[in-house]
Each structure stands twice: as structure tokens, then as C-alpha cells.
Amino acid sequence: MRLARLEIEDFALIARASLEFADGFTVCSGETGSGKTMLLGSLAFVLGERSSADIVRAGAPRARVTLAIEVDAALRESLDADGFENDDDSAILVREMLPTGKSSARINGRLATSGQLRALGERVLEAVGQHEQQRLLSRAYQLDVLDAFAGDDALARRRAVRDAFDGVSTAEAALADLTANVGRALAELEFARFAAREIDEAALVAREDVALRERRDYLVNVEKIASALGAAHDALAGEEANAMEALGSAAAALAGVARFGTSLEALAQSLGALQSETTDAAVAIARERDATELDTGELESVTARLSLIDALKKKYGGSIDAVFETRARFETTIANEDARDDREAALRTARDRARADLARECGALTKLRAKAAAALEKRVGEELAGLAMPAARFAVVLEPLAALGPSGAESPEFALSPNPGEPVRPLARAASGGELSRVLLALVVVLADRRERTALVFDEIDAGIGGATATAVGARIGALARVTQVLCVTHLAQIASWADRHYALRKRDRAGTTIVELVELQDRDAILEEIARMLAGNTAAVALEHAETVLRDVRGKKTRARATA
């Protein structure tokens, strides 16, 4: 996996530029204000960094940046899974910004989000600059560096510590919730017991209220019912003309002539049947009338029962079925509270077990960190000696935390004694800007074989350094470029002289507009002149001679490095 090509169109002052990445060390140089920051800004833009419409070059319809990456099997598989498959082993990232501030992005021709660009960027390159120098002063960043140096075992153990800490937090939260609400729980328990007892004492029956309501309506209207029944009976079987006699007379009349026709016979039979049914109805009405009697005691009892049921329904649900459901919930509450002591004991056991797990994982991680800290001190010290800090002492102080945390039992602090006789102090207090740059570079070199990203981008890594220190920094970056791709923006010839591919940024006035051009220095004379300009600010003979000396020295070191590789 490697960076292949960066193409820029109408980004800030850059009208059009193309940069082919070397397999090793690519350098971009230029005068102060020549656009080096814009170049790195375009790279950050195409990798999803937040940007505004200000990046669009004045008068241009849009800014456009394209980055081509040659991917390995793992990254290709990831791109395919996300729907960004391609016919070859490449990824083409394109991002545009309109003057309105609207941006769009594509990966292999398919629409992508800024988040997807950033995720891809995190896999292919790591930026190292002034921002990282400030991050280096952060204890959290130092912890990440130490664990990365400690290797996969430490990183896996750190994840185990996080999981164990989460287990402790969960157990403690559950226990605190149980014990903190004892008063409320007891009140809920007392109410549940009272309510369950009240419902049980009522001895409700399903749909009982429907039957009671019907009975109450009957009792309230019993006189009207009795009167209706009496009238009906008189009509059917009263002492005066009644339906039974009338139907009997009609049936007898037709029975005498039934032999003269089937229809007459049928009518006679029908009237006979009606008479029989009327007799039955009269008997039933008489029985119902005789049983109809106002029972004030029963009415009071039914009314009281309905009042009780309605009160329970109002308190515990809108129906008897809902009251039963509420009763079941009260039973659950009672059962849970009866088991409170058992649950509290179980939670305390779970908490203690989680704490023991956390202590065990933290102890194992502490051992790995202590071993890694000693090795990191030695390795960084060796690198600093090669970066013109031969007497520097680098230390990793593991300070125990007051309590075990999600990252372990200690917090590392990087410390430095830059000069003989000076005490070892935290980086923020001991290191100047140039010294901090060298410590950062030393850490980058030490961690190089543990990096998963393809490329390193150095921005202002040369801040605050010069002379022999710059020479040493250049050699270290040159050595780093033998194992990974490096892109460096610099103003120091001692660094640029190590480049495998050299670009220069130039400001130009075109039709009253300032633009930035990116020029690849392809022949030796062009490189020599640029190195001379960086060394002396001009291309006079003495400057060119100095530049030649610098380049010749670098060539010799590269040759010796290849011979011993």
C-alpha cells in the first residue's frame, strides 16, 4: 500500500498542480509564504478534513483535489465491503468544494462521506507536525505512545482493562441503584401489599360487573316490569276476551272446513299451534310475574358491590381484567422486594469479582508497561544522541493512579534532561521547541516498525532547529524513508537533500493574480540550485559549491546505508 499521486485544482492559490509520490522520501520546499501549507491543506482536504468555501481559488468554479492510492489486499477487501470496489488495486479519492460551501466526495467514482474519507486517511497516513508536538505534551497521548511501543499484547491487555473497568462500573451502578432507593422501595412494597390484599378481599370475578349492572337495572325497574307482565298475561289469558280463546275459536272454525282444501287444513293447524304457543307463553309470563317482587335488600347489596368494583377499577385499571393485571404486577413487586437481600448479596459478589478482574488485568498491563518504558527510554535516548542531543536523558515515569481506571493503574509521563547536569523534568518544562521536535521525531522513528499506516507526513518538523541538528534530523528522516513513504514540507536544505523526489513551490503573478506553482526538480542542476537557495538564499558560486558538498555527503551516506542493509 502506497500513496501514488496528488492532483490539485483551484485550491487556495494553487491553480493546478500534480505531485507523484516517491516510494521513499518526497520533499516540498519553498520560500516562506510560498504555499507549503496550502499543499498539505489540500491533502488534508481530500482526506476529509473540515473546510470552508475560502479554499476555492478566487474566480474558480470549484476546488478539486484527487488522491490516488495503491492499496493492499486488506484495504481492497475493506473498500469492496463498503461498495468502493475497483477493477485494479487502487483507490481514487476525489473531493470538491463549491464557492457556496457545498462539498462532495467520491471514492472510486462512488459518492462517499467526509467520515469515510477520514477513516481511509487514518489507515494510509500519519501527520507529524506542530500539532503533534503539542499532543506530545498530553499524558493521554504519551500513554497511547507507550502502549503502541509495548506492542499488541499491551494493546490487547488495555482493551481487557477497559472491559473490566466497564464491568466494575456496571456492577457498582446496579448496587448503588438498589441500595440508594431503599426508602422508596419499602414504600412501594407496603403499597403493593396493601393493594394486593384489597384486591384479594374483593374476590372479583371476571365480567361480574356486567351481570351486576344488569341485575341492578332489573331491580330498579321491577314495578314497571311487573305491570308489563300483568298486562301481557291478561291479553293472552285474561278473564275477558283473550288471545287464547280467540285463537281457539278461529282454529275450531277452520277445523270444520279443513277437509275441503289443503290450504284450509294448513291454516287450521297453524292456528292450533299458535294457540298452544300462546298458552305456553301465558304460563311463562304468569310464572315471571309471580316471581317479580322488589327486594330492597338485594338492590342495596348489588349497588354496594358495584360501587366496590368501580372503585377498584378506578384505582387499579379500567376493567376487572386490568385490575387482575395490576394485581400480578404487585405480586412481582412483592416477590422482588422479598428477594432484595439475596439480590444485594449477588450484586456485591459480582462487584467484588469485577474489581478482582480489573486488578488482575491492570497488574498484567503494568508489568508490560514497565518493561516497555525501560526499552523506550533506551531507544529514544539512542535516537536523540543521533539528533545532536548526545547528553540528553529521556525518561518514562509511571505514576500510580489513586484508583484503577479504564486505562490501567498508572499514568506515564515523558520527561527529559536535554543537557548535562540538568534534572529530568516533564517535557512541557524541559524541552524547547526544537528539542520537542527532535523528541517527536525520535519517537516516530522508534515506532516506525509498529506503524500500520502507509506514509508519514512531516509538517514543520524542522521548527526551531538548524545547523548540525538539521543535518541529523535529515539523516533520521532519510533512514525512516527506507521503511515507509515520507512526505516532508521543509525550509532546511539539510533535510531536503535527502529527498528521493524534490518539488519546489513558487509564487507567481499572472494577470494581476497571485498563484502558486508546484514544480518537480527533475535534473541535478535544478536540485542543486534549490539546495543552494535554501542554504544561502542565492545561487552564487559559493552557495552552489556548498550545496554540492551537502548533496555529495548525503549520496555517500545513502550508498553506505544500502550496502549495510
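Computed from a prediction, not measured in an experiment: that's the story for all the values here.
The aromatic rings of Phe11 and Phe45 sit tilted relative to each other, their planes meeting at an angle between 30° and 60°.
To the nearest 0.5 angstrom, Thr170 atom OG1 is 10.0 Å from Phe165 atom CZ. Summarising the geometry, atom CD1 belonging to Ile8 is positioned 4.5 Å from atom CD1 belonging to Ile14; distances are rounded to the nearest 0.5 Å. From Leu436, atom CG reaches atom CG of Leu441 across 11.5 Å, with rounding to the nearest 0.5 Å.
Sorted by first and then second residue, the side-chain hydrogen bond (donor to acceptor under 3.5 Å, both in side chains) pairs with a member in residues 464-475 read Arg438-Thr469; sequence neighbours excluded.
With hydrogens and angles disregarded, a donor-acceptor distance shorter than 3.5 Å links the side chain of Asp523 to the backbone of Asp525.
We find that Glu7 and Arg64 are not joined by a salt bridge, their nearest charged nitrogen and carboxylate oxygen being 4.0 Å or further apart.
Legend: residues meeting salt bridge (charged side-chain N to carboxylate O under 4.0 Å, His left out) with Arg62, ordered by chain and number and at least two apart, are Glu9, Glu96.
Ser78 and Arg123 form a side-chain donor-acceptor contact under 3.5 Å, judged by distance and modelled atom types alone.
Taking 4.5 Å as the limit, some side-chain heavy atom of Leu75 sits within range of a side-chain heavy atom of Val124. With contacts defined as side-chain heavy-atom distances shorter than 4.5 Å, the pair Leu487/Phe21 qualifies. Looking at heavy atoms from C-beta onward, Leu39 lies out of side-chain contact with Leu43 at the 4.5 angstrom threshold.
Smallest separation of non-hydrogen atoms from Ile55 and Ser51: CD1-CB, 4.1 Å. In plain terms, the two heavy atoms of Val71 and Met1 that are nearest each other are CA-CG, 4.1 Å.
The number of heavy atoms from other shown groups lying within 6.0 Å of CD (Glu520) is above 12. Enclosure of atom CZ in Arg524 by more than 12 non-hydrogen atoms of other residues, nucleotides or ligands within 6.0 angstrom is indicated.
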Which is it for Arg139 and Leu143 under the side chain to side chain contact (heavy atoms under 4.5 Å, CB included) test, yes or no, and what are the steps along the way?
CA-CA 6 Å; Arg139 299 285 283 270; Leu143 179 64; over 6 Å; no

